[in-house]
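The block underneath contains the structure these notes are about, expressed in structure tokens.
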Amino acid sequence: MQRRKTQQFQLGNVAIGGDAPISVQSMTKTDTRDTDATIAQIHKLTETGCEIVRSAVIDEDAAKALAPIKKATSIPLVADIHFDYKLAMIALKAGVDGLRLNPGNIGAQWKVVEVVKAATDSGAPIRIGVNSGSVEKEYQRLYGGPTALAMVESALAHVRVLEDLNFCNIKVSLKATDIERNIEANRLFASKSDIPIHLGITEAGTAWTGSIKSAAGMAVLLAEGIGDTLRVSLTGDPAEEVRVGWQILKSLDLRQRGVTIISCPTCGRLERPIEDLAYRFEQELAHIDHPFHLAVMGCSVNGPGESKGADIGVVAHKSGKMRLYKDGHFWRNAPCDDVVDIVKAQFEKKLSEL
Ligand code: SF4
């Protein structure tokens with residue numbers, strides 16, 4: 001896929017835009033003032049593959065809490081701020097790597113100037129975020145409601161505020177709850193600007209519906225080369241957002257991470273059940289972040305062929321045992337109960353030999 005050409009900048013140790021990999025983000029769901037809980041959640045997100053984390057800053061205590069949080073964590077930390085420029089100033093002083101803030105919403109010009117100066121001094125980029133639910137009334141009046149065009153014009157107006165102050169480390173998100181408007185807004189913005197885009201379908205729903213909705217919406221844009229970072233917004237555990245984000249990128253072959261499990265849907269040829277096994281592999285191999293391939297197949301018709309293309313293949317056999325393949329060749333037979341441990345040990349061995 002041909003990526004859209006965008007400007008590039010650093011967000012902490014992560015490059016955004018240009019030819020940088022599309023990064024996976026999430027947001028903490030703890031009260032930011034509860035530093036222990038927030039740090040623990042960021043650690044869990046980091047282990048899951050989160051590359052950038054954002055925390056809501058609702059008051060001065062939350063802004064001050066960012067300093068110990070930043071100190072205790074390793075991925076770039078973004079402060080999410082609405083309206084209050086003072087919170088942005090405290091957050092930058094606390095050492096955050098970036099801000100999520102709409103400069104047109106923080107009031108007097110001198111406040112914008114102060115924030116931009118502090119962000120420039122600390123090297124922190126700013127994300128402008130336009131959501132369909134909060135497009136300013138003036139743009140709704142001009143463009144017939146919170147339409148894609150209203151969202152884009154709102155975003156561009158915020159961009160101009162920053163660019164007029166010579167601030168260029170900007171990324172933009174245009175998020176709508178419906179996929180059609182989301183796609184239209186992002187396509188339109190991409191046609192007008194080379195500013196990096198952060199993708200997301202806002203308020204997508206629970207893990208089940210939200211994952212499908214996010215994948216459906218983002219895949220269209222990603223396949224067109226649009227999108228430099230992404231977040232899957234789910235009601236629930238943020239680690240799930242990260243897993244789904246990665247899975248979307250992996251499915252489109254845009255990034256690789258962790259064990260990709262190819263498991264057959266099973267059918268009347270199934271030689272012994274494999275469903276539990278496939279789920280167990282997902283859980284037991286989740287800690288391996290190297291991009292291996294594992295095939296879990298239900299019969300000798302397609303199993304050996306699929307296994308030959310994988311690092312390890314596990315094929316059900318009518319004898320009741322599983323036939324295992326390694327690096328494209330038959331390796332050994334094993335009782336079903338032992339297979340997960342054998343495969344896990346083998347991947348860990350491969351990992352240690354890299
Ligand atoms: Fe059916 Fe075998 Fe294909 Fe699985 S691999 S779906 S059991 S034919």
Side-chain angles (χ1 to χ4, degrees), residues 1-9 11 14-26 49-52 100 125-133 135 139 143-159 163 168-205 209-234 241-257 260 291:
M1 288 172 209
Q2 188 84 23
R3 291 264 306 278
R4 166 182 163 253
K5 284 198 170 51
T6 54
Q7 301 169 21
Q8 191 176 70
F9 58 81
L11 173 60
V14 174
I16 306 286
D19 57 359
I22 299 166
S23 44
V24 177
Q25 310 199 14
S26 187
C50 182
E51 295 170 307
I52 300 162
R100 191 279 199 192
I126 295 177
R127 162 148 78 93
I128 290 163
V130 175
N131 283 13
S132 54
V135 179
Y139 292 102
Y143 301 105
T147 57
L149 184 56
M151 292 168 68
V152 170
E153 290 300 327
S154 165
L156 288 171
H158 288 295
V159 167
E163 286 184 340
C168 297
N169 292 345
I170 308 167
K171 69 179 187 300
V172 161
S173 62
L174 300 128
K175 298 186 181 183
T177 47
D178 59 290
I179 291 177
E180 199 182 345
R181 197 168 24 154
N182 197 303
I183 291 171
E184 198 188 336
N186 281 286
R187 273 183 185 153
L188 189 58
F189 186 86
S191 71
K192 288 172 180 271
S193 169
D194 64 352
I195 287 174
I197 289 180
H198 167 77
L199 290 184
I201 310 287
T202 192
E203 295 133 22
T209 52
S211 299
I212 295 168
K213 194 172 173 181
S214 298
M218 288 188 207
V220 172
L221 291 163
L222 289 166
E224 293 175 10
I226 298 171
D228 300 280
T229 71
L230 62 81
R231 179 202 173 193
V232 175
S233 301
L234 301 175
E241 297 185 352
V242 175
R243 281 190 280 273
V244 176
W246 270 103
Q247 199 54 45
I248 292 170
L249 293 176
K250 282 169 67 174
S251 302
L252 292 165
D253 220 6
L254 287 165
R255 301 270 318 258
Q256 291 304 328
R257 183 184 192 275
T260 297

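Throughout, numbering of the chain's residues begins at 1 and tracks the sequence.
Counting only heavy atoms from C-beta outward, the side chains of I170 and Q7 never approach each other to under 4.5 Å. Side-chain atoms of E203 and K175, non-hydrogen and from C-beta on, never get closer than 4.5 Å to each other. Side-chain contact between V135 and V130: present, with at least one pair of heavy atoms (C-beta onward) separated by less than 4.5 Å. A 4.5 Å side-chain heavy-atom check between F9 and C168 finds every atom pair outside the cut-off.
Here the closest heavy-atom approach between residue L249 and residue I22 is recorded as CD1-O, 3.6 Å. Heavy atoms only, all atoms of each residue included: T6 and G17 are closest at OG1-CA, 3.4 Å. Minimum interatomic distance between S211 and V244 (heavy atoms only, all atoms of both residues): OG-CG2, 3.3 Å. Summarising the geometry of S26 relative to E241, their closest heavy-atom pair is OG-OE1, 2.8 Å, with the distance given to 0.1 Å. A176 and S132 get closest at one heavy-atom pair: CA-OG, 3.4 Å. Counting all heavy atoms, side chain and backbone alike, A15 lies closest to A20 at O-CB, 3.3 Å.
Here the CD atom belonging to E153 is positioned 10.5 Å from the CZ atom belonging to F189, to the nearest 0.5 angstrom. Here OH of Y139 is found 11.0 Å from CG of L149. Values are rounded to the nearest 0.5 Å. In this structure, the separation between CD1 on I126 and NE2 on H158 is 12.0 Å, given to the nearest 0.5 Å. The distance from atom OG of S193 to atom CZ of R4, rounded to the nearest 0.5 Å, is 6.0 Å. Within the model, atoms CD1 of I195 and CG of N169 stand 10.5 Å from one another, a figure rounded to the nearest 0.5 Å. The distance from the CZ atom of R231 to the OG1 atom of T202 is 8.0 Å, given to the nearest 0.5 Å.
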Starting from the C-alpha separation in whole Å, work towards a yes-or-no answer on side chain to side chain contact (heavy atoms under 4.5 Å, CB included) for D194 and K5. CA-CA 7 Å; D194 64 352; K5 284 198 170 51; over 6 Å; no
Could you walk me through whether I16 and I52 satisfy the side chain to side chain contact (heavy atoms under 4.5 Å, CB included) test, starting with their C-alpha distance in whole Å, then the side-chain angles of each, then the deciding distance to 0.1 Å, before giving a yes or no? CA-CA 11 Å; I16 306 286; I52 300 162; 3.6 Å; yes
Full working for side chain to side chain contact (heavy atoms under 4.5 Å, CB included) between L230 and L222: CA-CA 10 Å; L230 62 81; L222 289 166; 4.1 Å; yes
Report the C-alpha separation of L156 and K192 in whole Å, then their side-chain angles, then the decisive distance to 0.1 Å, and conclude whether the side chain to side chain contact (heavy atoms under 4.5 Å, CB included) test is met. CA-CA 9 Å; L156 288 171; K192 288 172 180 271; 3.8 Å; yes
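Side-chain atoms of S251 come within 3.5 Å of backbone N or O of Q247 as a donor-acceptor pair. Looking only at distances, no side-chain donor or acceptor of W246 sits under 3.5 Å from a matching main-chain atom of R257.
D228 pairs in a salt bridge (Lys or Arg N to Asp or Glu O under 4.0 Å) with only one of the listed residues (K171, R127, R3), which is R3. Among T229, V14, V242, L199, the one residue that satisfies the side chain to side chain contact (heavy atoms under 4.5 Å, CB included) test with Q25 is T229. Applying the side chain to side chain contact (heavy atoms under 4.5 Å, CB included) test between N182 and each of T177, L221, L174 identifies L221 as the sole match.
Environment of CD in E180: sparse, with no more than 12 heavy atoms of neighbouring residues, nucleotides or ligands closer than 6.0 Å.
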